[in-house]
Each structure stands twice: as C-alpha cells, then as structure tokens.
Amino acid sequence: MTVTTLVLTDSKTLNEVVNCLTENLTIQTQGKCEQQNIFEILIRAARQRDSIENTTKVLKNVPTSNDIRYHLEKYSHLPSLEEALNKALQSRLPRGIRQGQQKIAIDFNLIPYYGEPSSLEAPYIYRSQGKNGTSSFYAYATVYVIKKHKRVTLAIKAVQQQNTLVAIITYLLAIIEPLNLRIERLYLDREFFCVPVIRWLQALDISFEMPAIIRGKHGGTKQLIRGQRSCKTSYTLNSDKYGSVTFPVWIVCTYKNGKRREHGREFFVYAV
C-alpha cells in the first residue's frame with residue numbers, strides 16, 4: 001500500500017494566504033496596481049523582514065513602493081482594518097484547535113517609532129521604557145494557541161496609551177470567545193506582570209502563568225532566587241497605586257551547559 005504525503009509548497013502557501021486576505025480585506029485599486037500584487041509584495045516583505053521599498057526594487061514588473069503606500073493609506077480607519085485582519089486569522093483555523101483544552105498565550109509587542117507622528121498615528125504611539133534609541137513605539141498584542149509546539153494566531157489588537165493591561169487581555173479574550181475554545185491555561189509575557197492583572201485573573205479563577213520581573217537588590221522578586229534547586233513558594237507584589245496581591249510562584253533552576261558560552265545555574269521565576 002502506497003501512502004501519499006501531501007507537500008505544501010511555497011507557491012501553494014502564498015496562494016492560500018493571498019486568497020485568505022482577498023476574502024476578508026478589500027482594497028480599491030486602479031491602473032496596474034492590482035490587489036493581488038499588493039498582497040504578494042506585503043507577504044514577501046513580511047517574510048523577508050524587509051521594507052516595501054526594498055521589496056519592490058528586487059522584484060520585476062511590480063507596482064512602485066509609492067503606488068503600494070497610496071493604496072494602503074486608504075485604510076485610515078484602524079479599527080475596521082483590525083476587525084478584517086482578525087476575521088482573516090480565524091477563517092483558516094485547523095480543525096484540532098477546537099478540540100480539547102488549549103493552551104492560550106498573549107504577547108505584548110513593541111516596534112520602535114522615530115519621528116513626529118501624524119494625527120492618525122498619534123493615538124497609537126505608545127510610551128515605554130527606552131530602547132533602540134527611542135521611548136516611542138507602535139504597540140500591539142496578540143492572542144494565540146500553542147499546539148504541538150506550534151503557535152496559531154487567533155487575533156491581534158493595536159494598543160493605545162490609554163489601554164490598560166487588563167483591558168487588553170479582556171478585549172482579546174472577548175474576540176476569541178465565539179470560537180468556544182476551552183482554555184487549559186493562559187500564558188502571558190512579562191509585560192503583564194502587575195497587581196491589577198494578577199488580581200483580575202485570580203478574581204475570574206483563570207489558570208495562568210507568566211514570567212515575574214526580577215527587581216530589587218535585597219528584597220523584591222530578587223529575594224526569591226536563592227538555594228540550588230527549583231521550588232514553589234508564594235510572593236506578595238506591592239504597588240503604591242493599586243495595593244498588593246499575593247500569589248504562588250515557581251522558581252525554576254536550570255543549567256546553562258555552555259549556552260551563550262556560559263556555565264553554571266540560572267533561575268527563572270514564574271507567577272502562577
């Protein structure tokens with residue numbers, strides 16, 4: 001008996017992504033700048049982590065970068081664009097995603113921003129601790145399923161400065177609620193390590209895990225890193241503005257074993 005293995009080629013993947021975008025986003029085009037060309041250039045630029053300008057220079061017989069940007073600027077209402085993108089993300093979910101309990105994760109991402117924002121950009125400029133020569137960023141949060149060591153993105157949200165971290169989580173979980181996923185555990189990145197988020201998750205009885213931010217020379221979460229083995233304890237996080245909250249923490253001890261040419265123990269602390 002011969003078993004045929006289906007192979008997903010680059011061209012098939014590209015066609016499927018373009019079809020998905022075309023079904024959920026409509027860009028009114030004119031002249032030689034067709035919607036399919038725009039999506040193909042954007043996908044290539046994203047895959048190569050390159051700019052639209054460089055991508056159009058490499059390819060032949062494609063619209064110019066100015067043509068691409070002209071058509072993209074027609075999407076000036078970001079909430080509508082965000083809604084369309086989330087529909088696209090959820091239109092191709094693997095069948096297994098809806099079966100059994102799932103590990104759900106939420107990430108907070110910052111893209112450095114330089115220059116003076118326009119009136120349309122200004123509401124979406126997020127101020128944070130400086131890095132890469134700026135303290136201004138585009139910020140967005142994503143929610144995704146972790147399945148067989150792979151991630152399947154379910155939704156994305158552009159973050160504004162006035163959005164609280166609790167509001168961001170609430171918004172993303174509300175978007176995926178119609179999918180009727182059963183959440184085994186919610187994983188959050190360290191950006192969400194604060195009193196309001198942990199207190200809110202405890203109130204809703206949501207099982208969660210997130211890295212703790214290591215602070216303090218003698219106190220704070222720094223005091224949790226001691227001994228020579230992994231352990232579990234509790235910790236009280238204090239905030240002048242929001243009060244305090246107590247929660248379990250896992251202290252995980254691992255060995256570097258030459259990673260980054262380093263040896264010895266290293267510790268990770270997780271709020272759970």
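Quick note: residue numbers are just sequence positions, from 1.
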Distance, nearest 0.5 Å, that separates [atom1] of [X] from [atom2] of [Y]:
{"X": "K157", "Y": "L85", "atom1": "NZ", "atom2": "CG", "answer": "13.5 Å"}
{"X": "S135", "Y": "Y126", "atom1": "OG", "atom2": "OH", "answer": "12.0 Å"}
{"X": "Y138", "Y": "L110", "atom1": "OH", "atom2": "CG", "answer": "13.0 Å"}
{"X": "S207", "Y": "R185", "atom1": "OG", "atom2": "CZ", "answer": "3.5 Å"}
{"X": "D10", "Y": "N15", "atom1": "CG", "atom2": "CG", "answer": "11.0 Å"}
{"X": "F208", "Y": "Q202", "atom1": "CZ", "atom2": "CD", "answer": "5.5 Å"}

Within the 4.5 Å heavy-atom criterion, are [X] and [Y] side-chain neighbours or not?
{"X": "L201", "Y": "L188", "answer": "yes"}
{"X": "L154", "Y": "V145", "answer": "yes"}
{"X": "R44", "Y": "V58", "answer": "yes"}
{"X": "L21", "Y": "Q35", "answer": "no"}
{"X": "D189", "Y": "I106", "answer": "no"}
{"X": "I27", "Y": "Y75", "answer": "yes"}
{"X": "N24", "Y": "S91", "answer": "yes"}

Do the side chains of [X] and [Y] join up, straight or via other hydrophobic residues, at under 4.5 Å, putting them in one cluster?
{"X": "Y235", "Y": "W200", "value": "yes"}
{"X": "W250", "Y": "I225", "value": "no"}
{"X": "L25", "Y": "Y70", "value": "no"}
{"X": "V197", "Y": "Y187", "value": "no"}
{"X": "F193", "Y": "F268", "value": "no"}

TODO: May I have all residue pairs that pass salt bridge (charged side-chain N to carboxylate O under 4.0 Å, His left out) and include part of residues 15-26, sequence neighbours excluded?
DONE: E16-R92, E23-R92

TODO: Sequence neighbours left out, what pairs pass salt bridge (charged side-chain N to carboxylate O under 4.0 Å, His left out) with at least one residue falling in residues 141-151?
DONE: D107-R151

Please give me the minimum heavy-atom distance between [X] and [Y], naming the atom from each residue.
{"X": "T134", "Y": "P112", "answer": "CG2-CB, 3.8 Å"}
{"X": "A139", "Y": "F108", "answer": "CB-CZ, 4.1 Å"}
{"X": "C253", "Y": "F267", "answer": "CB-CE2, 3.6 Å"}
{"X": "P63", "Y": "I41", "answer": "CD-CD1, 4.0 Å"}
{"X": "L93", "Y": "R98", "answer": "CD1-NH2, 4.1 Å"}

- [ ] May I have the step-by-step check of side-chain contact (heavy atoms from CB on, under 4.5 Å) for I52 and L72, ending in yes or no?
- [x] CA-CA 11 Å; I52 295 175; L72 293 180; 4.0 Å; yes

Kindly say whether [Y] contributes a backbone atom to a donor-acceptor pair with the side chain of [X] at under 3.5 angstrom?
{"X": "Q102", "Y": "Q99", "result": "yes"}
{"X": "Q223", "Y": "G220", "result": "yes"}
{"X": "T56", "Y": "T64", "result": "no"}
{"X": "N54", "Y": "S51", "result": "no"}

Task: With H149 via side-chain contact (heavy atoms from CB on, under 4.5 Å) - residues at least two apart - done: none

TODO: Output all residues satisfying side-chain contact (heavy atoms from CB on, under 4.5 Å) with L120, sequence neighbours left out; order by chain, then residue number.
DONE: S76, S118

Please check if atom [atom1] in [X] has more than 12 non-hydrogen atoms from other residues, nucleotides or ligands closer than 6.0 Å.
{"X": "E116", "atom1": "CD", "answer": "no"}
{"X": "Q101", "atom1": "CD", "answer": "yes"}
{"X": "Q48", "atom1": "CD", "answer": "yes"}

Open item on the list: Would F39 and V17 count as a side-chain contact (heavy atoms from CB on, under 4.5 Å) here? Give the steps.
Closed with: CA-CA 9 Å; F39 287 145; V17 175; over 6 Å; no

Could you tabulate the donor-acceptor pairs under 3.5 Å formed by side-chain atoms of residues 237-246, not counting sequence neighbours?
from : atom 1 : to   : atom 2 : distance (Å)
S239 : OG     : K241 : N      : 3.3
S239 : OG     : Y242 : N      : 3.1
T246 : OG1    : T236 : OG1    : 2.7

TODO: Would you please say whether a donor-acceptor pair under 3.5 Å links the side chains of Q36 and E34?
DONE: no

Please report, to 0.1 Å, the donor-acceptor pairs under 3.5 Å made by any side chain of residues 168-183, with sequence neighbours excluded.
from : atom 1 : to   : atom 2 : distance (Å)
T170 : OG1    : V166 : O      : 2.8
Y171 : OH     : E82  : OE2    : 2.8

Task: Evaluation steps, side-chain contact (heavy atoms from CB on, under 4.5 Å), between L89 and Y144 - done: CA-CA 10 Å; L89 286 170; Y144 56 93; over 6 Å; no

Task: Evaluation steps, side-chain contact (heavy atoms from CB on, under 4.5 Å), between I38 and D67 - done: CA-CA 9 Å; I38 295 175; D67 288 337; over 6 Å; no

TODO: Please say which of V269, I214, I251 ends up in a side chain to side chain contact (heavy atoms under 4.5 Å, CB included) with T221.
DONE: I214

